Amino acid sequence: MGLPEHGWEGRAESAINRGTQNAYLFPNEDCSGYPVTLLPGEWLSPLGFAPKSVFVF
C-alpha cells in the first residue's frame, strides 16, 4: 500500500504491528528499497525515516 496516495506521506512517526504476520515499511512508494521489518506485536517509535509504503502478508 502506498502511503502518499492515502494521505500518510510524511505523517507516520511510529508504527505498531497488531497482526499475526510480519509488516514491512519501505522508503519508496513501490515497496522497494531496504525495508524496516515489524514482527507481530512489535512497536517502533520513532521510525527514524519517512516510510512511503507498507507490505503485510
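Since this is a predicted model, take the numbers as computed values, not measurements.
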Q: Write out all pairs satisfying salt bridge (charged side-chain N to carboxylate O under 4.0 Å, His left out) with one or both partners inside residues 8-18, taking only residues at least two apart or from two chains.
A: Glu9-Lys52
Q: Report yes or no: do Phe49 and Leu3 belong to one cluster of Ile/Leu/Val/Met/Phe/Trp/Tyr joined by side chain heavy-atom distances under 4.5 Å?
A: yes
Q: Go through the structure and list residues passing side-chain contact (heavy atoms from CB on, under 4.5 Å) with Ala12, not counting sequence neighbours.
A: Leu47, Pro51
Scan the side chains in residues 31-41 for donor-acceptor partners under 3.5 Å anywhere in the protein, sequence neighbours excluded, and list what turns up.
{"unit_1": "Ser32", "atom_1": "OG", "unit_2": "Asn28", "atom_2": "ND2", "d": "3.2"}
{"unit_1": "Ser32", "atom_1": "OG", "unit_2": "Asp30", "atom_2": "OD1", "d": "2.4"}

